[in-house]
Amino acid sequence: MPKINENFLKLEKNYLFINIAKKVNAYKEANPDADIIRMGIGDVTLPIPSVVIEAMKKGADEMGVKETFKGYEDSGAGYDFLKEAIAGYYKSFGVDVLPEEIRVSDGAKSDCGNIVDIFGDDNVVLVTDPAYPVYVDSNLMSGRKVIYADSNKENGFAAMPDENVKADIIYLCSPNNPTGSVYTAEQLKQWIDYAKKNDAIIIYDSAYEAFITEDNIPRSIFAVEGARECAIEICSLSKTAGFTGMRCGYTVIPNELKFKASDGTDVYISQIWGRRQGSKFNGVSYPVQCAAAAVFTEKGLEQIKENIAYYQENAKIIANALDEMGIFYTGGKNSPYIWFKCPDNMGSWEFFDKLLSEANVVGTPGAGFGRNGEGYFRLTAFGDRDRTIEAMQRFKKMMNT
Ligand code: PLP
């Protein structure tokens, strides 16, 4: 009989968004005429820019011609043309990474979840709370101890290190999902100093870097001194370029990043991550890599900027409505997420039910992202403009504003 990995039994029974979908479906069944506006799940809605689609079609055409057909990619780490394009993108915001330090994958969620394979189960993992669920779930699945750094109203939902706490692996996400908060270079430096002092590694999720509008906010942890000695960065084209249904992301591991094995030998993180991926992952499809490379061309960047600007305007509409209602929030400025305090001290799920039943608007209860999310709520700016305006009108009406 197979022995089950009983760590799975310690997880929440359902992934957050499945619970939300169940509630929405039940409401819809009871109220079939309700015109529901969905501002919960963080999926994009605008089509992928034409220059990207053209590149994918060209890549697909090449697969049908003997001379240009591609089978398995040798390394599975991504074609040079894509890794060079990504390195060029980093350079555009002043960060030097080498193409060989980049590994392409089918998305940031996979990399965030899979990277835990290269670390021992006896590590202490520090996650800022609230957080994107995969950081906690993937470590609990392997039986690791997870501790939390509180993100709360007092620190602007940007948790900072506590010198009295010892951790080996630290997950940071900026711009943050779910809170929309960002770390300044000074704040990141504090985390880097903490990591170096504790001989810890930072896993930095920059999936929303393209939404940063303020010049003083780093687009990459590698923009901050010392990061190359203690951090890896995981990024995605999902929100940058609408790739949620295409699947492409990348992880950057500096060549020099190393830790000691128990016998005292140096272990290079890029080497063992490469070994892990080599055994368990056969690379991203060629047409998708062609599409991804097109994102980083001049035309591609121009076109994705228009989509991002559309979402940023939605974020402003949501933020303005919250200002009008006098509700405290974070995010919206450098992020497609707006994270706000539930009115009248309501609990997250209580407010979820109220907003669904009285305004027919779906959001995400903050409690689903961790302890500090209780009493908070997340709305996303990834929706349609008119529907975003309509949702905010309904919200204001519900609040008598
Ligand atoms: N990281 C964060 C913080 C996210 O919010 C998401 C998706 O919502 C991801 C990673 C997943 O990205 P991908 O679609 O590349 O798997």
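Computed from a predicted model, the values in this text were never measured in an experiment. As the structure lists them, so they are numbered: ligands from 1, and atoms in each ligand from 1.
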Ranked by distance from atom 11 (C) of ligand 1, the top protein heavy atom is Y132 OH, 3.3 Å
task = Look at K299 together with E54 and state whether they make a salt bridge at an N to O cut-off of under 4.0 Å.
result = no
closest protein heavy atom to atom 16 (O) of ligand 1 is R247 NH2, 2.7 Å
Original post:
Is there a donor-acceptor contact under 3.5 Å linking the side chains of E101 and Y90?
Top reply: no
The protein heavy atom nearest to atom 8 (O) of ligand 1 is K239 NZ, 2.7 Å
| Min heavy-atom dist F243 to ligand 1 below 4.0 Å | no
So, regarding Y135 and ligand 1 (criterion: nitrogen or oxygen to nitrogen or oxygen, under 3.5 Å), is there a contact or not? no
Review point. Is the closest heavy-atom distance from D205 to ligand 1 below 4.0 Å?
Key: yes
Requested in this report: Mind running side-chain hydrogen bond (donor to acceptor under 3.5 Å, both in side chains) on N255 and Y268 for me, showing each step along the way?
Outcome: CA-CA 8 Å; N255 279 336; Y268 286 86; over 6 Å; no
Interatomic distance, CG@L126 vs CD1@I203, rounded to 0.5 Å, equals 11.0 Å
Side chain to side chain contact (heavy atoms under 4.5 Å, CB included) with S220: of L188, V97, V95, only one passes, and it is V95
Using non-hydrogen atoms of the residue, decide whether C173 is closer than 4.0 angstrom to ligand 1. yes
Under 4.0 Å from one or more heavy atoms of N177, ligand 1 contributes atoms 3 (C), 4 (C), 5 (O)
When distances are taken from atom 4 (C) of ligand 1, the protein heavy atom at minimum range is Y208 OH, 3.4 Å
Within 4.0 Å of some non-hydrogen atom of G107, the atoms of ligand 1 are 15 (O), 16 (O)
Under 4.0 Å from one or more heavy atoms of S236, ligand 1 contributes atoms 12 (O), 13 (P), 15 (O)
**Request:** Check whether the side chains of N139 and Y171 place a donor and an acceptor atom closer than 3.5 Å, and report yes or no.
**Result:** yes
Notebook entry, point to check: Under 30°, 30 to 60°, or over 60°: which ring-plane class applies to F157 and Y376, parallel, tilted or perpendicular?
Noted result: perpendicular
shortest atom 14 (O) of ligand 1-to-protein heavy-atom contact is with S238 OG, 2.5 Å
Within 4.0 Å of some non-hydrogen atom of K109, the atoms of ligand 1 are 11 (C), 12 (O), 13 (P), 16 (O)
query: Any cation-pi pair here, K239 with F211, using under 6.0 Å and within 45°?
result: no
Item to complete: Take D323 and Y329, measure what side-chain hydrogen bond (donor to acceptor under 3.5 Å, both in side chains) needs, and give me the verdict at the end.
Response: CA-CA 9 Å; D323 282 335; Y329 65 91; 3.2 Å; yes
